[in-house]
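Heads up, the thing below is written out as structure tokens.
Values in this document were obtained by computation on a predicted structure and should not be read as measured data. First listed ligand is number 1; within each ligand, the first listed atom is number 1.
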Amino acid sequence: MKGEGRAVRTRSPQETRRLGELLGSLVARPTLIWLAGDLGAGKTCFTQGLGQGLGVPAEEPVTSPSYTLMNHYQGRLPLYHFDLYRLSHPDDLEDLGFAEYLDGDGVTVVEWADRFDDRQREGLTIRISRVDEHTRHIDLLPGAEDEALLVEELLRNWHKEIPS
Ligand code: ADP
Ligand code: MG
């Protein structure tokens with residue numbers, strides 16, 4: 001099923017990071033997260049917060065895995081951070097065993113979701129769009145019922161902190 005989408009606005013990188021952190025702190029089971037949005041939208045910024053919320057040690061900062069395609073971090077759940085920006089050939093993903101991470105034991109985050117053309121895609125899609133220099137519009141698009149509940153909980157926490 002496709003759940004109903006929700007949207008928020010962030011007004012600084014700190015806010016986007018905080019949104020990611022809240023999501024990371026709420027995730028309780030293996031989850032697949034697709035991050036869509038142009039270069040500089042804030043996908044890595046969001047993922048850094050997510051790592052923090054998942055309890056990835058601060059000594060192990062989450063950085064963009066552009067050249068390696070995937071970085072692995074250990075938090076409450078494992079975090080597998082993919083970045084498909086420099087993906088030149090789909091075979092490279094097969095070599096990494098990408099399919100296994102789509103239904104894996106941890107939180108799999110994929111930057112540049114649009115490079116992975118799969119209309120049957122499962123998981124939570126988060127689309128970040130630049131509004132102006134400091135403002136981002138963030139669409140939260142759950143693919144399944146438990147992801148829709150996660151999004152609702154995220155937004156409840158978010159609006160407690162950040163007035164809309
Ligand atoms: P991406 O991974 O999508 O290419 P990054 O997270 O690496 O993007 O970079 C986002 C850039 O946008 C950073 O330079 C950050 O400081 C800037 N920025 C400005 N406002 C925001 C915001 N509201 N949320 C996220 N990033 C923002
Ligand atoms: Mg990035």
Side-chain angles (χ1 to χ4, degrees), residues 5-27 31-75 77-90 92-93 95-96 98 101-102 104 106-118 121 123-143 147 150-151 153-164:
R6 295 278 188 272
V8 299
R9 260 176 192 220
T10 63
R11 293 176 174 83
S12 66
Q14 291 75 22
E15 281 193 11
T16 298
R17 208 184 149 113
R18 179 64 184 146
L19 184 68
E21 186 184 0
L22 282 173
L23 181 62
S25 66
L26 293 171
V27 164
T31 304
L32 174 59
I33 299 170
W34 301 94
L35 291 180
D38 294 337
L39 194 66
K43 301 180 295 299
T44 298
C45 177
F46 182 90
T47 309
Q48 287 166 339
L50 191 92
Q52 204 175 328
L54 273 173
V56 173
E59 310 82 71
E60 223 188 319
V62 173
T63 56
S64 188
S66 290
Y67 292 97
T68 52
L69 287 183
M70 194 271 276
N71 286 333
H72 169 214
Y73 304 92
Q74 194 58 53
L77 293 163
L79 170 61
Y80 305 105
H81 181 200
F82 286 85
D83 186 329
L84 307 187
Y85 185 57
R86 287 196 170 75
L87 185 68
S88 45
H89 201 281
D92 296 348
L93 275 186
D95 293 347
L96 277 173
F98 187 59
Y101 294 98
L102 299 181
V107 177
T108 295
V109 174
V110 187
E111 290 195 38
W112 291 98
D114 296 326
R115 303 253 154 130
F116 185 77
D117 181 28
D118 183 354
R121 205 158 72 189
L124 169 61
T125 298
I126 299 179
R127 183 173 294 280
I128 310 179
S129 322
R130 188 189 141 111
V131 176
D132 61 31
E133 191 183 351
H134 301 293
T135 312
R136 301 293 185 266
H137 177 93
I138 304 181
D139 284 309
L140 304 158
L141 305 158
E147 289 152 9
L150 182 62
V151 166
E153 206 180 345
L154 172 63
L155 293 186
R156 262 198 304 280
N157 282 273
W158 175 254
H159 290 303
K160 265 191 242 161
E161 282 182 24
I162 315 276
S164 44

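Within the model, atoms OG1 of Thr47 and CD of Glu21 stand 13.5 Å from one another, a figure rounded to the nearest 0.5 Å.
Ligand 1 has no nitrogen or oxygen under 3.5 angstrom from a nitrogen or oxygen of Leu39. When only interatomic distances are considered, the shortest N/O to N/O separation between Arg11 and ligand 1 does not fall below 3.5 Å. When only interatomic distances are considered, the shortest N/O to N/O separation between Ser12 and ligand 1 falls below 3.5 Å.
Residue contacts with ligand 1 for Glu133 involve N, CA, C or O but no side-chain atom from C-beta outward (heavy atoms, distance under 4.0 Å).
Ligand 1 is never approached by Arg17 to a heavy-atom distance shorter than 4.0 Å. At a 4.0 Å cut-off, not a single heavy atom of Gly37 sits close enough to ligand 1 to count as contact. Residue Arg136 places a heavy atom under 4.0 Å from ligand 1. Heavy atoms of Asp83 come nearer than 4.0 angstrom to ligand 1 in no pair at all.
In terms of protein heavy atoms, atom 15 (C) of ligand 1 is closest to Pro13 CG, 3.8 Å. Cys45 N, 2.9 Å is the protein heavy atom nearest to atom 6 (O) of ligand 1. Counting only heavy atoms of the protein, atom 9 (O) of ligand 1 lies nearest to Gly40 CA, 4.0 Å.
Remark: among candidates Thr44, Ile128, Thr63, the nearest residue to atom 7 (O) of ligand 1 is Thr44, based on non-hydrogen atoms. Closest to atom 1 (P) of ligand 1 by heavy atom, among Lys43, Arg9, Arg18, His134, is Lys43.
Atom OE1 is the N, O or S atom of Glu111 at the shortest distance from the Mg ion (ligand 2).
Of the possible polar contacts, one joining the Thr108 side chain to the Tyr101 backbone as a donor-acceptor pair under 3.5 Å is found.
In this model, no donor atom of one side chain and acceptor atom of the other lie less than 3.5 Å apart for Glu147 and Thr31.
Using a 30° and 60° split on the angle between ring planes, Phe82 and Phe98 fall in the perpendicular class, above 60°.
For atom 22 (C) of ligand 1, a protein heavy-atom neighbour is found at a distance under 4.0 Å.
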